[in-house]
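Report on the structure given below.
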Amino acid sequence: MSRDYVLQPFQAAVHLQIDYARELNQQQCAAVTAPPGPALVIAGAGSGKTRTLIYRVAYLLEQGIPPDRILLLTFTNKAAGEMMRRVTDLLGHELTALWGGTFHSIGNRILRQHAALLGYGRDFTILDRDDAKHHISSCVAESDIDVKATRFPKAEVLGDIFSLAVNTHKSIPEILGTEYGYFADLAPQIEAMQQSYRARKLATNAVDFDDLLVLWLKLLQTHADVCEHYQRRFQFLLVDEYQDTNKLQSDLIDLLAARHRNVMVVGDDAQSIYAWRGANFQNILKFPERYPGAQTYKIETNYRSTPEILTVANAAIAANVQQFAKQLAPARKSGAKPVLVTCNDAAEQAAFVAQRVLELREEGGDMNQMAVLYRSHFHALELQLELTRRNIPFSITSGIRFFEQAHIKDVTAHLKLVTNPRDELSFKRIAQLLPGVGGKGADKLWRTFNGEHANSPLTRPADTLSPSDEERDGVGGAPVANRKHIATALQACAKHVPKKALLAWAQLTATVAQLEAPDVRTSAARMIPLVIEAGYDDHLKENFANYRSRLEDLKQLAVFAQQFPTVDEFLTQLALLTNVEAEAEQQPANRDDEKLRLSTIHQAKGLEFDVVFILMLCDGLFPSARSMESTEGEEEERRLFYVAVTRARNELYLSYPLLRAGYGNTGATMQQPSRFLEEIPKALLDEWNLRSYG
């Protein structure tokens with residue numbers, strides 16, 4: 001006969017260094033000091049979500065939980081860094097053992113340890129969007145698909161289809177049916193391209209941004225011992241911005257938490273606005289169903305906005321059916337009522353915003369603390385013209401990210417090749433910088449180089465190394481004694497180089513030899529200047545009108561690289577920074593540099609401003625026409641409006657034009673005020689009637 005004998009956990013007396021009841025409000029304190037077990041924290045806008053999370057980490061540590069048993073998952077590098085810094089400040093000592101970072105950075109960290117189990121070498125390259133696009137293009141080019149006869153999606157579109165499929169755990173036909181109906185008939189060919197793309201990544205020892213999660217989940221699902229190791233290790237999971245998780249991320253969380261069930265997810269269902277890129281609103285809504293017995297904590301005291309703005313915010317979200325009921329309560333004193341402005345057309349709307357911004361500045365306001373938010377970038381076209389005409393400086397949160405620019409990618413390609421000699425894309429990018437070398441020439445040189453390098457008697461492949469090999473060179477591949485000499489393989493390729501590129505090839509070979517030097521190869525900060533001085537400076541002069549600014553970019557990149565102890569970590573961070581949404585820009589301290597911020601609401605999430613203008617509040621524009629086709633779409637648009645309203649601290653201006661130019665020279669059309677405006681009681685708004693002077 002057998003019976004269960006339950007061991008009760010021994011807990012020594014804990015002497016708290018922090019007075020949580022004094023440091024936190026009652027709702028925050030309840031969440032921070034929650035007992036073990038699943039917990040859902042609904043943290044309203046401006047309620048101190050980050051503060052709650054860092055105090056929760058501190059509380060766990062003071063309860064005797066070892067820091068390496070805690071996993072803190074965030075969505076941006078900025079959020080991860082901020083939280084780790086604030087926990088350190090709170091406790092008064094470093095916490096290097098605490099696992100904290102974005103989903104993708106943690107995935108990268110785990111995959112580096114177990115890559116061989118999935119057929120990869122530990123020195124795998126992380127592809128950014130542009131690199132992935134080139135790989136997909138190559139797959140299409142090598143297939144039997146006649147892209148001239150068939151309207152086949154471009155590589156970038158294929159990449160988006162693949163990404164949405166893996167992040168939502170849906171098939172290609174499902175994604176095509178709901179999002180890309182015009183390609184539905186091509187489902188078999190697109191599925192074949194996805195398989196080719198996967199095979200190509202494996203063959204070149206490369207992963208894309210999504211693979212950091214896809215392969216992490218596959219690792220846990222197919223290797224029970226590895227899964228158990230991390231389930232036992234992470235006794236407590238803390239997840240930030242849970243409302244933005246997709247199916248893939250929620251599956252990872254559920255799997256990691258399966259043993260201990262000590263998972264606390266923090267978020268705001270009213271700020272779930274990323275369904276278009278795969279975020280699953282149901283993750284947060286159904287958390288209590290997936291975790292029976294989970295405790296729900298609401299944090300509703302808002303420290304950001306005036307009572308008048310919060311009253312409008314509460315009214316703005318009230319019509320949504322699918323939500324956790326909450327009521328933001330103000331901690332600040334009363335202020336001005338939000339303003340509703342009806343304009344004749346978009347030009348008058350732009351004139352109003354421009355004039356009001358200048359008035360507020362004259363009254364002592366800082367333009368760096370003012371923002372114009374909109375549903376789509378084209379909503380601000382007239383405003384951009386008006387601001388330019390009036391010489392009002394502004395910045396637009398959009399465009400090419402710093403790390404995606406050609407000159408940045410050219411220089412980092414040299415570092416990637418030294419890091420991972422099987423990186424085909426980096427090799428070809430470098431080769432095509434040389435005179436007389438195009439796509440076909442680069443492909444021929446790659447085959448030659450790959451053969452020379454693979455057959456080199458100097459070493460054995462990095463992926464045959466034992467997991468016990470710990471003596472690494474900081475580059476990310478083999479230990480020092482086993483690192484191959486790339487320059488030697490390049491030199492052997494010289495006979496296949498076009499005549500006009502021979503001198504440049506010799507320079508490249510010499511440069512790579514310098515980059516491979518033991519005292520250089522471990523430091524990206526030392527490698528970057530060598531690449532610039534070895535000829536890339538001349539390339540900038542010959543190819544770019546803004547040579548000086550691009551050169552300054554590269555110099556600043558080298559400065560940025562100084563903070564990373566290895567080239568591997570530097571390249572990993574570049575890949576992560578390239579793929580995530582743009583994070584908030586550092587606000588300039590010099591008043592002469594102040595600029596009005598123009599941004600989509602999606603890109604302004606997480607930010608706050610003294611003054612906020614929300615444009616184009618017309619049905620069909622905001623909410624968008626497509627969103628109004630379904631209840632789910634309309635509710636997400638309403639959440640987007642709520643996010644926009646809650647960005648404002650002191651003043652809020654809502655505006656819409658009565659007339660708007662139609663498509664195809666059809667003349668101006670009358671606009672219907674947004675249904676979101678109709679849902680706000682008129683008594684909560686101060687209506688301004690515009691009239692022209694003279």
As an exercise, state the distance from [atom1] of [X] to [atom2] of [Y], rounded to the nearest 0.5 Å.
{"X": "Thr572", "Y": "Ile126", "atom1": "OG1", "atom2": "CD1", "result": "4.0 Å"}
{"X": "Gln235", "Y": "Arg259", "atom1": "CD", "atom2": "CZ", "result": "10.5 Å"}
{"X": "Thr74", "Y": "Leu72", "atom1": "OG1", "atom2": "CG", "result": "6.5 Å"}
{"X": "Leu111", "Y": "Leu215", "atom1": "CG", "atom2": "CG", "result": "5.5 Å"}
{"X": "Asp268", "Y": "Leu328", "atom1": "CG", "atom2": "CG", "result": "7.5 Å"}
{"X": "Leu238", "Y": "Met83", "atom1": "CG", "atom2": "CE", "result": "9.5 Å"}

If we only count heavy atoms from C-beta on, is the [X] to [Y] side-chain gap below 4.5 Å?
{"X": "Ile430", "Y": "His414", "answer": "yes"}
{"X": "Leu212", "Y": "Val207", "answer": "yes"}
{"X": "Gln249", "Y": "Asn246", "answer": "yes"}
{"X": "Leu607", "Y": "Arg597", "answer": "yes"}
{"X": "Ile106", "Y": "Leu71", "answer": "yes"}
{"X": "Arg69", "Y": "Arg233", "answer": "yes"}
{"X": "Leu554", "Y": "His407", "answer": "yes"}
{"X": "Gln63", "Y": "Phe236", "answer": "no"}

[Y]/[X] salt bridge by N-O under 4.0 Å criterion:
{"X": "Lys78", "Y": "Glu82", "value": "no"}
{"X": "Glu179", "Y": "Lys170", "value": "no"}
{"X": "Arg429", "Y": "Asp130", "value": "yes"}
{"X": "Lys409", "Y": "Asp131", "value": "yes"}

Relative to the ring of Tyr197, is the ring of His135 parallel (under 30°), tilted (30 to 60°) or perpendicular (over 60°)?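 Tilted: the ring planes of His135 and Tyr197 meet at 30° to 60°.
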Considering non-hydrogen atoms only, spot the tightest contact between [X] and [Y] and give its length.
{"X": "Leu373", "Y": "Ala604", "value": "CD2-CB, 3.7 Å"}
{"X": "Phe570", "Y": "Leu415", "value": "CE2-CD2, 3.8 Å"}
{"X": "Ser426", "Y": "Lys416", "value": "OG-CB, 3.3 Å"}
{"X": "Ala561", "Y": "Ile528", "value": "CB-CD1, 4.3 Å"}
{"X": "Arg647", "Y": "Ala45", "value": "NH2-CB, 4.1 Å"}
{"X": "Asn302", "Y": "Arg304", "value": "OD1-N, 2.8 Å"}

Is a side-chain donor or acceptor of [X] paired with a backbone partner of [Y] at a separation under 3.5 angstrom?
{"X": "Asp208", "Y": "Ala132", "result": "no"}
{"X": "Asn283", "Y": "Thr245", "result": "yes"}
{"X": "Tyr274", "Y": "His602", "result": "yes"}
{"X": "Gln28", "Y": "Asn25", "result": "yes"}
{"X": "Tyr20", "Y": "Tyr59", "result": "yes"}
{"X": "Arg521", "Y": "Val418", "result": "no"}
{"X": "Glu608", "Y": "Arg649", "result": "no"}

Applying side chain to side chain donor-acceptor pair (under 3.5 Å), name anything that partners [X], two or more places apart in sequence or on another chain.
{"X": "Thr125", "value": "Asn420, Asp423"}
{"X": "Ser171", "value": "Glu174"}
{"X": "Gln562", "value": "none"}
{"X": "Glu424", "value": "Arg200, Lys428"}

Which residues satisfy the salt bridge (charged side-chain N to carboxylate O under 4.0 Å, His left out) test with [X], sequence neighbours excluded?
{"X": "Asp89", "answer": "Arg85"}
{"X": "Glu300", "answer": "none"}
{"X": "Arg261", "answer": "none"}
{"X": "Arg51", "answer": "Glu23"}

If you look only at pairs with a residue in residues 158-169, which of them pass as a salt bridge (Lys or Arg N to Asp or Glu O under 4.0 Å), with sequence neighbours excluded?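 Of all non-adjacent pairs touching residues 158-169, those that pass salt bridge (Lys or Arg N to Asp or Glu O under 4.0 Å) are Arg129-Asp160.
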When you measure from the centre of the six-membered ring of Phe124, is the NZ or CZ of Arg112 under 6.0 Å away and within 45° of the axis?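 Yes.
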Quick one: ring pair (Phe, Tyr, Trp, His ring centres under 6.0 Å) partners of Tyr242, sequence neighbours excluded?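 Checked Tyr242 against ring pair (Phe, Tyr, Trp, His ring centres under 6.0 Å); matches are Phe287.
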Assess whether side chain to side chain contact (heavy atoms under 4.5 Å, CB included) is satisfied between Thr52 and Val266, documenting all intermediate values. CA-CA 9 Å; Thr52 301; Val266 182; 5.8 Å; no
Determine, step by step, whether Glu289 and Leu285 satisfy the side chain to side chain contact (heavy atoms under 4.5 Å, CB included) criterion, reporting the C-alpha distance in whole Å, the side-chain angles of both residues, the deciding distance to 0.1 Å, and the verdict. CA-CA 9 Å; Glu289 295 178 23; Leu285 209 63; over 6 Å; no
Is a side-chain donor-acceptor pair under 3.5 Å present for Asp254 with Tyr291?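 Yes - a donor-acceptor pair under 3.5 Å links their side chains.
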More than 12 heavy atoms of other residues, nucleotides or ligands under 6.0 Å from NE2 of His260: is that the case?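 Yes - once you tally the heavy atoms of other residues, nucleotides and ligands closer than 6.0 Å, there are more than 12.
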Salt bridge (Lys or Arg N to Asp or Glu O under 4.0 Å) between Asp240 and Lys49, intermediate numbers included: CA-CA 9 Å; Asp240 188 21; Lys49 170 179 65 68; 2.8 Å; yes
Pairs flagged by side-chain hydrogen bond (donor to acceptor under 3.5 Å, both in side chains) wherever residues 209-224 is involved - sequence neighbours left out: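 Of all non-adjacent pairs touching residues 209-224, those that pass side-chain hydrogen bond (donor to acceptor under 3.5 Å, both in side chains) are Ser163-Asp210, Asn167-Asp210, Lys201-Asp211.
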Going by the rule side-chain contact (heavy atoms from CB on, under 4.5 Å), which residues pair with Asp269 if we only count those two or more places apart in sequence or in a different chain?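 Asp269 satisfies side-chain contact (heavy atoms from CB on, under 4.5 Å) with Ile42, Phe281, Ile284, Gln323, Phe324, Lys326 once adjacent residues are dropped.
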Walk me through it: do Trp99 and Leu237 pass the test side chain to side chain contact (heavy atoms under 4.5 Å, CB included)? CA-CA 10 Å; Trp99 281 56; Leu237 273 71; over 6 Å; no
Using side chain to side chain contact (heavy atoms under 4.5 Å, CB included), reason through Lys286 and Asn280 one step at a time and then give a plain yes or no. CA-CA 10 Å; Lys286 295 189 175 180; Asn280 189 346; over 6 Å; no
